[in-house]
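Order of the sequence lines fixes the chain letters, A, B, ..., with proteins taken first and strands second; residue numbering starts at 1 for each chain.
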Amino acid sequence: MPSMAPLSGGSKDGTGPGGGAGLPFGGRFGPPDGGSSGGDAAGKRKAASALPEARGNKRQAILDQRRALPISSVEGELVNLVKKNDTLVVIGETGSGKTTQLPQFLHAAGFCKGGMMVGITQPRRVAAITVATRVAEEMGVEVGKEVGYSIRFEDCTSASTQLKYMTDGMLLREALLDPLLSRYSLIVIDEAHERTIHTDVLFGLLKGVQKRRQAASTASTSSKQKAPKTGDSLKDLQSLLATSNTPAVKKISPLKLVVMSATLDTKGFCEYFNGAEAVYVQGRQFPVEIFYTFTPEADYLDAALLTTFQIHLEETPGDILLFLTGQEEIESMERLLKERASHLSQNVQKLLVVPIYAALPSEQQMRVFQAAPEGTRKVILATNIAETSLTIPGIRYVIDPGLVKARAFNPRTGVESLEVVPVSKAQAQQRSGRAGREKPGKCFRLYTEDLFTKLVATTVPEIQRCNLANVMLQLKAFGIDDVLGFDFMDKPSRISIVKSLEHLYSLGALTDEGKLSDPIGVRMSRFPLEPMYAKAMLISCDMGCSEEMLATVSMMSVDSVFYAPRDKLQEANNARKRFISVDGDHITFINVLRHYIQEAEEAGAEAGEGEGTSSNSSANENKKAFKRIRSWCSANFINARSLRRAVDIQKQIRGYVEGMGLKITSCGEDMLSFRRCLAASFFLNAARRQLDGTYRALSSGQSVAIHPSSVLFGKKPDCVVFNELVRTNRSYIRNITQVDSLWLPELAPHYYAAQGVGTPSQQQS
DNA sequence: GAGCACTGC
């Protein structure tokens with residue numbers, strides 16, 4: 001393709017504020033290297049008024065906006081390339097319009113004919129919703145009709161849907177039910193550079209689907225051909241293709257694939273997709289000047305503080321975005337900045353400090369989107385959440401200390417930890433790009449240019465740094481038995497795969513031959529849960545306490561529901577007391593969920609009592625109920641967002657259980673039965689108290705301690721099961737329930753030697 | 001007596 005000019009670059013010749021010239025903290029920064037980049041999907045725009053006249057104007061405005069996008073000048077070429085290639089790699093920089101426009105081009109070119117769909121995956125739920133909404137608006141249709149989206153808990157599509165935006169995890173789910181993705185003519189994997197675990201699994205899977213649909217379509221044209229050769233890892237699906245559903249399969253057309261990425265790291269993608277062609281689409285991003293420090297900073301927090309005031313006192317208006325590693329760091333920086341800002345002289349503009357991180361309650365998160373008052377500069381203290389997940393308007397200055405808190409995972413021990421590590425080059429570029437969304441901006445990297453060149457190019461893909469039990473279960477469910485030979489773009493370590501297979505085997509999900517067991521493994525793979533929780537649901541159905549386990553796995557699947565701000569710790573602990581069970585955290589969580597649901601029901605009933613005839617009054621009643629629940633949450637120091645999510649999950653899992661023909665039953669007050677069920681479910685995570693008072697995890701033999709946030713902290717139970725093993729200063733277990741040590745060999749005899757619970761009967765290594 | 005980046009089904 002005569003393609004498409006290179007992406008717009010940063011300025012090469014800017015003179016930096018640091019360059020030595022008269023700054024209060026001068027001499028800190030060297031000259032710019034002129035880089036700029038980064039970006040995310042198209043943002044949400046305001047819906048226009050519904051007045052006919054305004055609507056006409058709106059349509060014209062939309063058309064103008066679409067035509068102005070860099071991608072629209074190459075529509076014809078792009079469509080031809082898609083037609084010509086089975087797989088096409090599209091590199092589109094920020095603001096190119098690829099996410100909203102390319103699917104519309106494909107729609108116009110006839111890829112949705114004959115009831116077929118174009119599917120577009122996104123790593124995040126919000127992106128799927130906002131982009132689908134925008135595209136529907138541009139096409140002048142209602143969301144959910146021709147253009148729809150599908151995310152967990154919300155399917156906004158219909159029989160007439162032709163462009164379907166969805167989370168990557170959702171497409172994986174769909175592939176379980178329809179292994180050939182027979183309703184799709186083309187799949188677009190967007191934001192492929194983010195390399196989420198779902199995206200990476202999809203890569204391998206879709207390559208397989210392409211192969212089989214190719215085979216099916218040529219088989220149907222060249223008439224008879226025997227079942228495809230077996231012997232490769234996909235033989236199960238191939239035989240499925242050969243035996244079942246024959247008429248439909250014969251008609252199937254080949255599957256096209258478009259992989260869209262924001263980085264220039266095309267080589268890896270093209271090689272992986274069998275030498276696929278790549279095209280570049282120019283972006284539209286303002287230049288961002290990059291500054292480095294001349295020497296390494298001993299204390300990056302101090303350097304960040306000084307740089308903030310340097311910008312504040314010397315630079316033109318525009319808000320500042322400072323990247324920090326976590327909540328604690330943000331809170332202390334907030335205090336420091338506020339303290340220093342209070343000493344600013346009267347004739348200097350004010351500084352407004354706003355924190356944002358995922359655990360912050362939503363009302364407080366919203367503050368970053370409010371414009372600062374006249375004559376005030378806003379400084380936003382953010383975690384990685386501001387890197388991709390949300391775009392904050394008004395940012396012209398980015399301060400990047402070059403560090404990030406990332407999850408690490410030791411496959412040998414199964415221990416997870418969070419560690420502060422240097423960012424990758426791609427991440428640093430993504431961060432600096434945040435300064436050039438609306439106007440030219442500046443990015444101050446609190447490290448030397450030499451150090452930048454030594455950073456790794458891209459972040460290690462998620463699939464290489466987390467627990468793979470779920471992924472392996474899904475692959476087995478797809479009929480891929482040879483998981484070690486699966487076509488990963490970046491293969492996880494062998495030990496990591498083997499360990500997760502052992503884990504699945506211990507749970508009974510795999511047979512001695514390593515195949516998915518039926519019905520246990522098959523059922524487990526259907527649940528949108530960690531394998532251990534999926535198994536727990538199945539066991540609890542046999543043990544008569546599935547209602548309690550349903551509440552437990554729902555609560556275990558969300559972020560901590562207890563919200564304890566540092567300054568109100570005592571109050572929060574007191575509030576928690578009313579929910580506590582002496583048996584442990586699991587039953588405590590069940591109590592929280594039950595109280596919440598009861599409160600919500602009462603609030604709903606109270607609202608219903610005063611129900612009037614007008615919809616207005618019922619809306620008010622809803623608002624009242626909502627308010628009551630929210631104040632109940634804050635009075636009890638409970639994170640409302642987490643609990644709402646737990647309720648959603650509970651509802652969804654209940655549906656799955658019932659769909660399998662299993663019964664949800666409660667054991668009532670018989671918590672002994674429920675604790676036995678917890679022991680039977682979580683036997684892989686058991687720990688026993690040693691003579692010296694420490695605890696020993698039975699499966700790995702490592703020494704662990706009960707986390708102080710557990711209700712069993714300081715209670716010295718003899719034997720416990722737990723759900724989380726996290727390493728910080730030492731190894732802590734969290735979410736714990738007391739069990740009788742004799743239950744373990746009784747309920748998990750295949751794992752624990754019958755004579756006792758000193759050690760498991762296998763897996764000693 | 002400690003501390004939890006961010007997503008997703």
Side-chain angles (χ1 to χ4, degrees), chain A residues 40 121-128 150-155 166-177 191 194-202 323-332 356-360 382-390 403-408 416-421 423 427 430 459 462-463 465-466 470-471 473-474 477 524-531 533-534 553 557-566 569-570 572-573 639 642 645 648-649 652-653 656 705-710 712-715 724 726-735:
Chain A
D40 60 338
T121 71
Q122 296 291 326
R124 281 171 292 280
R125 295 159 50 94
V126 242
S150 173
I151 58 176
R152 188 180 188 180
F153 308 130
E154 200 183 346
D155 182 6
M166 62 191 121
T167 44
D168 44 16
M170 212 59 205
L171 183 60
L172 272 180
R173 284 275 143 196
E174 256 190 73
L176 271 180
L177 302 174
E191 313 290 357
E194 289 195 27
R195 304 292 304 275
T196 70
I197 198 161
H198 291 145
T199 293
D200 271 23
V201 174
L202 272 178
F323 283 100
L324 295 168
T325 61
Q327 175 177 349
E328 217 172 52
E329 207 170 84
I330 286 174
E331 282 172 352
S332 74
I356 182 151
Y357 44 88
L360 199 68
T383 60
N384 249 13
I385 195 170
E387 205 175 279
T388 49
S389 301
L390 42 97
L403 296 168
V404 64
K405 199 179 277 188
R407 169 163 291 160
E416 288 184 344
S417 56
L418 283 167
E419 276 159 30
V420 174
V421 296
V423 296
Q427 251 181 318
Q430 174 74 20
T459 310
E462 193 183 5
I463 202 155
R465 52 186 169 92
C466 70
N470 211 358
V471 168
L473 183 63
Q474 297 303 316
M524 280 171 66
S525 72
R526 292 299 187 250
F527 284 111
L529 290 172
E530 285 303 310
Y533 296 147
V553 301
S557 301
V558 299
D559 288 338
S560 173
V561 293
F562 292 114
Y563 174 72
R566 177 194 285 241
L569 203 59
Q570 196 51 48
N573 282 339
N639 185 330
S642 294
R645 214 179 128 75
D648 281 342
I649 292 173
Q652 189 187 33
I653 303 300
Y656 275 97
I706 293 180
H707 195 277
S709 67
S710 170
L712 292 182
F713 179 77
K715 299 278 191 274
E724 248 191 302
V726 186
R727 174 145 195 99
T728 52
N729 290 326
R730 55 195 292 197
S731 293
Y732 285 106
I733 51 175
R734 304 198 316 176
N735 300 336

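In this structure A/R730 satisfies the salt bridge (Lys or Arg N to Asp or Glu O under 4.0 Å) test with no other residue, sequence neighbours excluded. When the salt bridge (Lys or Arg N to Asp or Glu O under 4.0 Å) test is applied to A/E724, the partners found at least two apart in sequence or on another chain are A/R734.
Residue A/T167 places none of its side-chain N or O atoms closer than 4.0 Å to OP1 or OP2 of B/dG8. At B/dG3, none of the side-chain N or O atoms of A/S709 fall inside 4.0 Å of OP1 or OP2 (strictly under the cut-off).
The main-chain N or O of A/L418 is never found under 3.5 Å from a side-chain atom of A/R727 such that the two would form a donor-acceptor pair.
A/R526 comes within 4.0 angstrom of no nucleic acid atom, judged by non-hydrogen atoms across all strands. Contacts of A/T383 with the nucleic acid, taken as non-hydrogen atoms under 4.0 Å apart, involve only primed sugar atoms and P, OP1 or OP2. Using a 4.0 Å heavy-atom criterion, one finds that A/F527 contacts no nucleic acid atom at all. Note on A/I151: only backbone sugar-phosphate atoms sit closer than 4.0 angstrom, heavy atoms only; bases stay farther off. Using a 4.0 Å heavy-atom cutoff across all strands shown, A/I385 reaches sugar-phosphate atoms only and no base atom.
Spacing between atom NZ of A/K405 and atom C1' of B/dG3 amounts to 8 Å, rounded to whole angstrom units. Distance CG (A/L360) to C1' (B/dC4): 14 Å, rounded to an integer number of Å.
Counting only N and O atoms by type, the side chains of A/E419 and A/S417 include a donor and acceptor under 3.5 Å apart.
Position along DNA chain B of the nearest nucleotide to A/P708 versus A/R125 favours A/P708 as the more 5'-ward residue.
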